2 protein chains.
Amino acid sequence: MAKENIETKALEYCMDMLGGKWKPIILYHVSKGTNRFNKLFNEIEGINRQMLSKQLKSLERSGILDRTLYGEIPPRVEYTLTPLGKSLLPVVQAMTKWGQKQTKEKVEVVEVPQNQQLPLF
Amino acid sequence: MAKENIETKALEYCMDMLGGKWKPIILYHVSKGTNRFNKLFNEIEGINRQMLSKQLKSLERSGILDRTLYGEIPPRVEYTLTPLGKSLLPVVQAMTKWGQKQTKEKVEVVEVPQNQQLPLF
DNA sequence: CTGTATCCGCGGTGATACTG
DNA sequence: CAGTATCACCGCGGATACAG
């Protein structure tokens, strides 16, 4: 032992933040400028209010989103990315890019040659 | 409607592949060259055999891992990344990098200035 | 060595209705 | 407009034992 894996901890930490079905999607929409509850609710297909509320609260607790309540009638709430949330966008973007590539290549299944050693990590 | 969100679908697709507690961690270890069952089992702290088996099978079904069984006694199995699996490494790497940064900055909490508009997406 | 079988708790996820 | 309350399902994740 003794070799406590730093990368593993980092991955776990990240998955704690981004885990679940909705969080990356919410982050994406907020990053695009959608910041009000019902707007998010309408744009995110398949979610219901409770889920949206729960996930928003979770993201808020994690320090990824800020929630601003304006004391108006009718009430207005705006969600914005914190600096921490913004730092997460490259990750979301990497996931998006990968997903787009795959869903596209479903059609044009090209023979992918065996890649050589990737020097990642 | 009609505005079916491509990025959202891409994100969902990616989360289907990488979702759950263990998959990114397994991918990371396999990418580092650990490819035998018990080696993975020993290196991944906190997992049990069934979970490892389940996740490996799931990754195999997703086309992310290849499983090679050598007809030897005792049996030997090796897991390797498929091209699809390799294409996923940048995503895992992005998550790792983010997680490392955050866990480090826990100590040296510098005042982070308000970032200007990020042109992501 | 490399798994599978069985059993189970808990929480993520969800539909619906109600509230300030 | 922006949530919360309630109820329920289901499968992930896990402990332990068994198998080829």
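Small disclaimer: the values here were computed from a predicted structure and weren't measured. Letters A, B, ... mirror the listed sequences (proteins, then strands); counts begin at 1.
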Tell me, please, which residues at least two apart from Lys39(B) pass salt bridge (Lys or Arg N to Asp or Glu O under 4.0 Å). Glu43(B)
Give the rounded distance in Å between these two atoms: NZ of Lys39(A) and C1' of dG3(D). 19 Å
Gap between atoms CZ and C1', on Phe41(A) and dG3(D) respectively (whole Å): 11 Å
Overall bend - the helix from dC1(C)-dG20(D) to dG20(C)-dC1(D), comparing terminal axes fitted on five pairs, nearest 10 degrees: 50°
Does the side chain of Thr8(B) reach to within under 4.5 Å of the side chain of Ile44(A), using non-hydrogen atoms? no
Lys23(B) side chain to Gly19(B) main-chain N or O, any donor-acceptor pair under 3.5 Å? yes
Encode nucleotides 6-20 of chain D as B, S and - characters from 5' to 3', where the letter depends on protein heavy atoms closer than 4.0 Å: B to the base, S only to sugar-phosphate, - to neither. B------BBB----B
Side chain to side chain contact (heavy atoms under 4.5 Å, CB included) with Trp98(B): which of Leu11(A), Val91(A), Leu89(A), Leu18(A)? Val91(A)
Keeping the roles fixed (side chain from Ser62(B), backbone from Ser58(B)), state whether a donor-acceptor pair exists under 3.5 Å. yes
With a 4.0 Å cut-off (strictly under) to non-hydrogen atoms of chain A, the first and last hit nts on DNA chain C, 5' to 3', are dT13(C) to dG20(C)
May I ask whether Ile64(A) and Leu69(A) are part of the same hydrophobic cluster, defined by side-chain heavy atoms of I, L, V, M, F, W, Y residues being less than 4.5 angstrom apart, directly or through others? yes
Locate the shortest heavy-atom distance separating Ala10(B) from Gln100(A); write the atom from each residue and the value. CB-N, 3.4 Å
Contacts satisfying salt bridge (charged side-chain N to carboxylate O under 4.0 Å, His left out) that involve residues 67-79 of chain B (not counting sequence neighbours) are Glu72(B)-Arg76(B), Arg76(B)-Glu78(B)
My understanding is that only one of Thr80(A), Ile25(A), Leu65(A) makes a side chain to side chain contact (heavy atoms under 4.5 Å, CB included) with Val30(A); could you say which? Leu65(A)
OP1 or OP2 of dT4(D) versus the side-chain N and O atoms of Ser53(A): is any pair under 4.0 Å? yes
Tell me which residues in residues 60-72 of chain B put a heavy atom below 4.0 Å from DNA chain C, sorted by number, or none. Arg67(B)
Keeping the roles fixed (side chain from Asn38(A), backbone from Phe41(A)), state whether a donor-acceptor pair exists under 3.5 Å. no
Say whether, by atom type as modelled, one donor and one acceptor occur between the side chain of Thr96(A) and the main chain of Glu7(B) under 3.5 angstrom. no
Please name the pair of heavy atoms, one in Tyr13(B) and one in Gln102(A), separated by the smallest distance, quoted to 0.1 Å. CE2-CB, 3.4 Å
Spatial distance of atom CG (Leu59(A)) from atom CG (Asp66(A)) [nearest 0.5 Å]: 11.5 Å
